[in-house]
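Order of the sequence lines fixes the chain letters, A, B, ..., with proteins taken first and strands second; residue numbering starts at 1 for each chain.
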Protein chains: 2
Amino acid sequence: MVTKEQVIPEFVCPVTALLELIGGKWKPVILYCLRDETRRFGELSARMPSISRKVLTEQLKQLESDGLVVRVQFNEIPPRVEYSLTDLGRSLAPVLQAMERWGSTHLSNPKH
Amino acid sequence: MVTKEQVIPEFVCPVTALLELIGGKWKPVILYCLRDETRRFGELSARMPSISRKVLTEQLKQLESDGLVVRVQFNEIPPRVEYSLTDLGRSLAPVLQAMERWGSTHLSNPKH
DNA sequence: GTAACAAGTAACCTTTAGGTAACTAGTAAA
DNA sequence: TTTACTAGTTACCTAAAGGTTACTTGTTAC
């Protein structure tokens, strides 16, 4: 006897969900780099030299598939690819600003 | 010849620094559980049954050592331990609220 | 013909986060 | 004498995140 499947919608903490988008070691920095400029891959890489190109590529792909960033590819030689924020990405600004403010005032900066 | 060591203070992104405190799978949920109540370990565990006790202990220890939570131990048998937010922990409320609001409005809840 | 250019990819490795299951301590109640 | 109680700890495992180094691609400039 097959009973009708009861789909129990699991509660998803919205904060945890948000952290899945912008958490991780580098995503906030990347979003900051793009906050009001379109930038090429190489430019991003040059501004964040601590991020390996592999990781930068990965993070950008995730940000893109989460709808926070757009990737535009020009079919030129040598290749050119430009990244910028989407509206959704820009809508994060106040949240990131609140986080930044808390971090700046409560976390003594020159640590480590 | 020993040259004087030049300590170059590395820039620490305040957002990334904040995420080190409240990032991770469970910390926001724990902070939410403690937002206006002191709670015993068993109470927290009962309210968040998906978190194993080992992980709950670990996360609470980190929150405590980061100054967001206080742990008060009563030397009774059977043991009693109470957790609550510090002032610093409470000061996170507006930040978490901003994150929660963004998550609720932009992330369709019944996902997964 | 060889090097430079940008934007990656591939193969591989290490560290960290998170998870499971079983065990511990000291006392009181059955 | 065994069980229950609370707040953990121990040993072990797996998956994910992040990192390094070398390679690729097609065209142009030397």
Do the side chains of [Y] and [X] get nearer than 4.5 Å, heavy atoms only?
X     : Y      : value
A:V95 : A:L18  : yes
B:V29 : A:V15  : no
B:I51 : B:L44  : no
A:L96 : A:Y32  : no
A:W26 : A:L60  : no
B:E64 : B:Y83  : no
B:D66 : B:I22  : no
B:L92 : A:H106 : no

Going from [atom1] on [X] to [atom2] on [Y], what distance comes out if it is rounded to the nearest 0.5 angstrom?
X     : Y      : atom1 : atom2 : value
B:S52 : B:E58  : OG    : CD    : 7.5 Å
A:L19 : B:K25  : CG    : NZ    : 13.0 Å
B:L88 : A:L107 : CG    : CG    : 8.0 Å
B:I77 : B:R80  : CD1   : CZ    : 12.5 Å

Bend angle of the helix from C:dG1-D:dC30 to C:dA30-D:dT1 from five-pair axes at both ends, rounded to 10°?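 Taking the rotation axis at each end, their angle is 30°.
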Tell me which residues in residues 52-60 of chain B put a heavy atom below 4.0 Å from DNA chain D, sorted by number, or none.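 The answer is B:R53, B:K54, B:T57.
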Those residues of residues 30-43 of chain B lying under 4.0 Å from DNA chain D by at least one heavy atom: B:R40, B:F41, B:G42
Hydrophobic cluster partners of A:F74 (side-chain heavy atoms under 4.5 Å): A:V72
Using the 3.5 Å cut-off, write out each protein N or O paired with an N or O of nucleotides 23-27 of chain D and the distance between them.
none

Nearest-nucleotide 5' precedence on DNA chain D, B:K61 against A:W26: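 The answer here is B:K61.
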Atom-pair distance (CD on A:E20; P on D:dA16), nearest Å: 12 Å
Given atom CZ of B:R80 and atom P of D:dA7, what is their separation to the nearest angstrom? 9 Å
B:R47 atom CZ, neighbour heavy-atom count above 12 within 6.0 Å: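 Counting neighbours around CZ of B:R47, 12 or fewer heavy atoms of other residues, nucleotides or ligands fall under 6.0 Å, so no.
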B:I51 or A:E82, whichever maps to the more 5' nucleotide of DNA chain C: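 Between the two, 5'-proximity favours A:E82.
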Going by atom types only, do B:T16 and B:E20 share a side-chain donor-acceptor pair under 3.5 Å?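 On atom types as modelled, these side chains do not qualify, holding no pair under 3.5 Å.
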When you list every nucleotide of DNA chain C with an atom under 4.0 Å from a heavy atom of chain B, which one comes first 5' to 3', and which comes last? C:dG18 to C:dT27
How is B:F74 classified with respect to the nucleic acid when contacts are heavy atoms under 4.0 Å: base, sugar-phosphate, or nothing? nothing
